[in-house]
Amino acid sequence: MTAAQASTRSFTLQQPEGFLRHLAAGGDTIDLSGVTLTEIWSLAAIAALARKERKNPLTVVGVEANVRAFAKAVGFDELVDARRAAVQGEEGRTVRLTEVWGEEDVEPVASATAKLLAGEDPQRRSSRDALQYVVAELLRNAFQHSQDELGAVTGAQRNDRGLHQARPTYQVAVADTGRGVRKSLMEQHWDIESDEVALERALWPHYSRAFPYGRTGGAVNAGLGLFYISELVKDLEGRLLLASGSASLVIDTALPQRQRFLSVGFPGTLVAFEIPVETARDFVDLFDDVARRAKERTPRRLVQENLRFEDPPPPVQKFIVSLFLENNAEAQRLAQAELIPRLARKESVALDFVNVRLCTQSFAHALLYEALRISWATRTPIYVVNAQPVVRSALKHVEMYAQSG
Ligand SMILES: Nc1ncnc2c1ncn2[C@@H]1O[C@H](COP(=O)(O)OP(=O)(O)OP(=O)(O)O)[C@@H](O)[C@H]1O
Ligand SMILES: [Mg+2]
């Protein structure tokens, strides 16, 4: 067998090009004859395309026995037949393909995915936190930017056989069949001449369809989601595939040339993220490192500290963040309706992060970016209580860039 034949016979993230080309060449039918191995990212991609509500659903033929068994185990048929499944799976091994429809599902699906896959083992805590973080960011991107009415498809898997035997990994995938990264970025950035350029810039810190280049954020977005994800994958020595439109960006830390582009993409946006099951890195340190790198690439003013990590004086109104965690639309509503009017009147507010172990940078941004700008203008402090280290780091990072652009 030649190398080319071998790569089309197993659809792995180590060689993503074979699958993407096969998909692109197949039109409305995808023939899996001779394919003996698939990973969750390729099934998530096929499932997203094959969902029944579509006008021209994809037909899948020639499925070999072991691929069929895997597809069955991860709920491929139910998803394609529009039988909506709750997040479930085989503990420690797979998280079934799940269709996610709205922001209110981001936090539950992200934490269930991480928990199902990585469990409570302290050795896997960092990987688990990274998975939760990444799934939340990717699902939210699908809702905020793709305009896919069918929502997003996500699934996850632990790989510990074959190529992965010596170094087991966790893999998560999120796919949508929306307008793609380039079209969405072009709402704001007219100079993006190709899908490749769009993918490269989507990883820049503070680059987003939501605000012009040079600023650090809009009301809802900071343009940091994919930056954090790509930095996490490098630090954790994993792999990332970002396929959209006619191009893909691949980060593979096992290769000498860590980042490369492919001239084949996905009709929508497909992201696959893979990291080792065990890592010596502590997630809090890791997160701080990524925040530091984003800061180094952001212009800075003299920062005045209005975020106070201490108990507020008694009359201050307190808001419980866990009630709307990772629901950025809700965070924004709270900021507009409650936080900003008070701060504008020079009344302090307090945010209570009790029961919040982890929050994404995007969520911290949606909640606090505008509020911090007002608090800065009116010199009125925002109090934060019960914040865990990762939460504290995310909030401090927002405070730093909210005052710079
Ligand atoms: N699934 C998607 N479909 C279409 N465009 C996307 C998708 N995911 C990301 N993008 C584009 O890539 C840009 C960068 O994404 P990223 O997650 O880094 O930042 P953001 O979502 O704009 O801000 P933040 O994540 O900080 O809230 C987005 O603004 C959007 O234009
Ligand atoms: Mg985002």
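In each ligand, atom 1 is the first atom listed, and ligand 1 is the first ligand listed.
- When hydrogens are left out, the protein atom nearest atom 29 (O) of ligand 1 is Arg209 N, 2.9 Å; that is the closest non-hydrogen contact.
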- Task: Go through the steps for His189 and Arg201 under the test side chain to side chain donor-acceptor pair (under 3.5 Å), then give the verdict.
- Result: CA-CA 10 Å; His189 309 280; Arg201 293 197 193 169; 5.6 Å; no
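- Between Asn141 and ligand 1, an N or O atom pair is found at a separation short of 3.5 Å.
- The protein non-hydrogen atom at the shortest distance from atom 15 (O) of ligand 1 is Leu226 CD1, 3.7 Å.
- The contact set between ligand 1 and Ala142, taken as ligand atoms under 4.0 Å from a residue heavy atom, comprises 1 (N).
- Side-chain contact check for Arg21 and Ser263: at least one donor-acceptor pair (N or O, by modelled atom type) lies under 3.5 Å.
- A donor-acceptor contact closer than 3.5 angstrom is absent between the side chains of Ser208 and Gln188.
- Annotation: atom 4 (C) of ligand 1 to nearest protein heavy atom, Gly180 O, 3.3 Å.
- Among all protein heavy atoms, the one lying closest to atom 11 (C) of ligand 1 is Ser184 OG, 3.5 Å.
- Classification of the Tyr401-His206 ring pair by plane angle, with boundaries at 30° and 60°, yields perpendicular.
- Protein N, O or S atom count below 2.8 Å of the Mg ion (ligand 2): the structure gives 1.
- Close contacts of ligand 1 with Ala202, meaning ligand atoms under 4.0 Å from a residue heavy atom, involve 12 (O), 14 (C), 18 (O).
- At a 4.0 Å heavy-atom cut-off, ligand 1 touches Asp176 through the side chain alone.
- For ligand 1, the polar-atom distance check against Gly223 finds a nitrogen or oxygen pair separated by under 3.5 Å.
- Salt bridge status for Arg308 with Glu305: absent, with no side-chain N to carboxylate O gap under 4.0 Å.
- Nearest protein neighbour of atom 2 (C) of ligand 1, counting heavy atoms only, is Thr269 OG1, 3.7 Å.
- Among protein heavy atoms, atom 22 (O) of ligand 1 sits closest to Ser208 OG, 2.6 Å.
- The shortest N/O to N/O separation between Tyr207 and ligand 1 does not fall below 3.5 Å.
- The protein heavy atom nearest to atom 24 (P) of ligand 1 is Ser362 OG, 3.4 Å.
- In terms of protein heavy atoms, atom 27 (O) of ligand 1 is closest to Asn221 ND2, 2.9 Å.
- Between His189, His145, Gln147, it is His145 that holds the heavy atom closest to atom 20 (P) of ligand 1.
- A salt bridge is defined here as a Lys NZ or Arg NE, NH1 or NH2 lying under 4.0 Å from an Asp or Glu carboxylate O, and Glu17 with Arg260 fails to meet this definition.
- Atom CZ of Phe19 and atom CG of Leu43 lie 7.5 Å apart (nearest 0.5 Å).
- Under the side-chain hydrogen bond (donor to acceptor under 3.5 Å, both in side chains) test applied with Asp252, the options Arg258, Gln259, Arg239, Gln257 reduce to a single match, Arg239.
- Per-residue contacts place Leu185 under 4.0 angstrom from the following atoms of ligand 1 (heavy atoms of the residue considered): 13 (C), 31 (O).
- Taking the six-membered ring for Trp, Tyr228 and Phe287 have ring centres closer than 6.0 Å.
- Using a 4.0 Å cut-off between charged nitrogen and carboxylate oxygen, Glu370 and Arg373 do not count as a salt-bridge pair.
- A salt bridge links Asp160 with Arg93: the distance from a Lys NZ or Arg NE/NH1/NH2 to an Asp or Glu carboxylate oxygen falls below 4.0 Å.
- The pair Arg293-Glu296 does not count as a salt bridge, with every side-chain nitrogen at least 4.0 angstrom from each carboxylate oxygen.
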- Item | Residues Asp77, Arg68; criterion salt bridge (Lys or Arg N to Asp or Glu O under 4.0 Å); working and verdict | CA-CA 10 Å; Asp77 297 328; Arg68 162 119 325 268; 3.5 Å; yes
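- With respect to Arg125 and Asp129, a salt bridge is recorded, a charged nitrogen being found less than 4.0 Å from a carboxylate O.
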